[in-house]
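What you see is a predicted model, and the numbers here were worked out from it, not measured in a lab.
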Amino acid sequence: MNRAYKYRVYPTAEQEQLLTDTFGSCRFVYNHYLALQSENYQQGKAYRNKTACNNDCNRILKQEQPWLKQVDKFALTNAIYALDSAYQRFFRRQGGYPRFKSRHHSRMSYTTNYTNGNIAVLAGEIKLPKLGKVGAVVHRRAPEDWRLKQATVSRESDGSYYVSVLYEYEAAIMSQAVNPEQVIGLDYKSDGLYMDSDGRCCGMPHYYRKNQRKLKAKQLQSVNYRKQQKKIARIAKKAANQRKDYLHKKSTEIANRYDLVCVEDLSLRALANRGFGNGKATMDNGYGSFLTMLKYKLEERGKRLIRIEKWYASSKTCSRCGAVKMMPLSVRRYECNCGMSMDRDLNAAINIRNRGYEIYLKAA
């Protein structure tokens with residue numbers, strides 16, 4: 001299994017310049033081979049795999065561009081491998097055609113590999129290739145038997161730096177028997193986070209909206225444009241950190257309490273479409289991140305997350321008798337001919353729980 005720990009780092013001015021050079025070099029290499037692959041395609045030439053591109057970079061490109069030798073070699077290799085992964089997803093029709101990286105709009109990051117002790121998490125410092133020891137807030141340490149694999153260095157839009165250190169470890173996880181009383185269904189709520197099948201509605205503080213007034217007050221068309229950008233980035237980063245902290249606490253609470261969690265297989269990108277009128281709420285509650293956290297936390301405990309089929313009519317089906325009827329979004333209460341009357345989200349959550357448990361029993 002893999003686990004990453006993310007640390008805030010504080011590079012010196014000299015280290016910060018080297019980081020900027022490394023980000024730029026990785027972007028240059030990525031764009032160079034993207035342009036080369038596109039040109040080869042237009043000329044009817046075969047696709048060059050990542051090994052061929054990496055050999056070309058080491059033997060030819062670095063001779064033509066000597067400044068590439070000044071940065072971490074693994075960072076350039078991983079930039080080439082990232083481009084190859086983007087192409088492989090495109091070939092499998094899992095994503096669009098790779099796009100060029102921009103200095104102003106692309107994420108500033110690079111990944112380096114561990115070899116011969118070139119990466120280490122120390123007391124108040126992190127050792128990295130080329131950079132040496134960088135001051136860091138080391139809030140946690142990995143167990144001694146974990147194997148360090150790689151580190152990803154990133155610069156956020158507010159100018160802060162982070163290092164995510166990836167470890168590999170072996171864990172004997174025993175699957176737990178599911179207690180029917182410890183099964184829960186979660187129905188997504190755009191104005192909150194979820195409604196569970198026990199009738200509890202989990203709200204969402206909507207951190208972005210709370211800070212939106214501050215964001216609007218920062219006009220980008222000012223004289224000191226970059227300074228204003230950093231102020232806006234700090235506010236947005238604070239909202240993102242608050243949201244992540246809240247989601248971690250909620251996902252841990254559920255993973256500790258329940259053996260089986262059932263959710264819908266939703267397309268959040270479709271839900272965030274402007275046609276529904278709730279795109280901002282969907283992006284602000286971070287439901288997709290919440291499910292990702294919930295999944296790995298349940299798996300670590302030998303428990304399971306089950307996603308029911310996308311087209312299951314959880315909102316249209318009566319949770320008591322199974323009758324199905326149309327339910328416009330404007331109707332917030334499910335009224336059935338069998339006499340059942342219930343909040344539509346609670347009814348959907350119960351249906352999700354029942355359907356998920358049914359899937360689990362069939363697979364067991």
Side-chain angles (χ1 to χ4, degrees), residues 1-7 121 138-152 162-189 192-205 240-266 268 285-310 312 314 345-346 348-364:
M1 297 183 69
N2 294 328
R3 171 69 70 86
Y5 287 162
K6 191 173 183 179
Y7 304 98
V121 179
V138 182
H139 59 286
R140 62 174 66 180
R141 302 287 292 271
E144 294 295 331
D145 58 336
W146 287 19
R147 295 184 297 276
L148 202 156
K149 301 291 289 183
Q150 63 184 31
T152 299
Y162 293 87
V163 175
S164 179
V165 183
L166 180 67
Y167 295 91
E168 184 181 55
Y169 65 98
E170 295 180 2
I173 299 176
M174 301 295 294
S175 296
Q176 296 188 17
V178 174
N179 181 352
E181 300 297 322
Q182 299 299 319
V183 179
I184 193 171
L186 306 180
D187 181 50
Y188 168 73
K189 285 178 67 69
L193 188 60
Y194 62 80
M195 167 73 80
D196 69 28
S197 53
D198 293 334
R200 291 184 294 268
C201 179
C202 177
M204 188 68 189
N241 288 340
Q242 289 174 316
R243 184 188 305 113
K244 184 183 294 186
D245 178 69
Y246 182 83
L247 295 177
H248 268 299
K249 290 175 180 176
K250 283 296 176 182
S251 56
T252 300
E253 179 184 326
I254 293 175
N256 287 336
R257 183 170 183 178
Y258 296 97
D259 297 337
L260 182 68
V261 181
C262 311
V263 298
E264 289 180 293
D265 187 11
L266 297 173
L268 295 175
N285 62 20
Y287 189 70
S289 298
F290 170 72
L291 293 184
T292 300
M293 296 173 185
L294 192 57
K295 184 176 185 297
Y296 82 76
K297 290 176 183 180
L298 286 167
E299 289 176 348
E300 286 179 344
R301 293 162 173 79
K303 303 177 180 182
R304 292 189 62 184
L305 175 74
I306 287 187
R307 295 175 184 262
I308 68 171
E309 55 269 33
K310 184 179 294 185
Y312 178 70
S314 60
D345 294 327
L346 175 57
I350 294 173
N351 285 328
I352 292 169
R353 179 197 62 192
N354 295 341
R355 178 58 181 159
Y357 189 55
E358 180 184 341
I359 294 173
Y360 165 77
L361 292 176
K362 288 181 179 179

Considering all heavy atoms of both residues, which atom of [X] and which atom of [Y] are nearest to each other, and what is their separation?
{"X": "Y246", "Y": "G203", "result": "OH-O, 2.7 Å"}
{"X": "S314", "Y": "I352", "result": "CB-CG1, 3.9 Å"}
{"X": "S251", "Y": "M293", "result": "OG-CB, 3.6 Å"}
{"X": "S197", "Y": "L346", "result": "O-CD1, 3.9 Å"}
{"X": "R353", "Y": "G185", "result": "CB-N, 3.6 Å"}
{"X": "C262", "Y": "V183", "result": "SG-CG1, 4.1 Å"}

#### Entry: Salt-bridge present (E253, R257; N to O < 4.0 Å)
no
### Message
Could you go through D145 and Y169, starting from their C-alpha distance and side-chain angles, then the distance that decides it, and tell me whether this counts as side-chain contact (heavy atoms from CB on, under 4.5 Å)?
### Response
CA-CA 7 Å; D145 58 336; Y169 65 98; 6.0 Å; no
### Task
If the plane angle is over 60° it's perpendicular, under 30° parallel, otherwise tilted; pick one for Y5 and Y7.
perpendicular
### Query
Nearest 0.5 Å, what's the CD-CG distance between E264 and L291?
10.5 Å
### Query
For E170, does the CD atom sit with more than 12 other heavy atoms under 6.0 Å from it, leaving out its own atoms?
no
### 4.5 Å side-chain heavy-atom contact, L294 and L247
no
### Query
Taking it one step at a time, do R304 and V261 satisfy side-chain contact (heavy atoms from CB on, under 4.5 Å)?
CA-CA 7 Å; R304 292 189 62 184; V261 181; over 6 Å; no
### Message
Checking side-chain hydrogen bond (donor to acceptor under 3.5 Å, both in side chains) between E299 and each of R301, K303, K295, K297, which is the one that passes?
### Response
K295
## Note on the structure
By side chain to side chain contact (heavy atoms under 4.5 Å, CB included), K362 pairs with (sequence neighbours left out) R355, E358
### Task
Establish, from distance only, whether the side-chain atoms of Y258 and D198 form a donor-acceptor pair under 3.5 Å.
yes
### Query
Taking only residues two or more places apart in sequence, or in another chain, which ones meet Y194 in a side-chain hydrogen bond (donor to acceptor under 3.5 Å, both in side chains)?
none
### Task
Given side-chain contact (heavy atoms from CB on, under 4.5 Å), test K6 with V163 step by step and report yes or no.
CA-CA 6 Å; K6 191 173 183 179; V163 175; over 6 Å; no
### Query
Would you say D245's side chain and N241's backbone share a donor-acceptor pair under 3.5 angstrom?
no
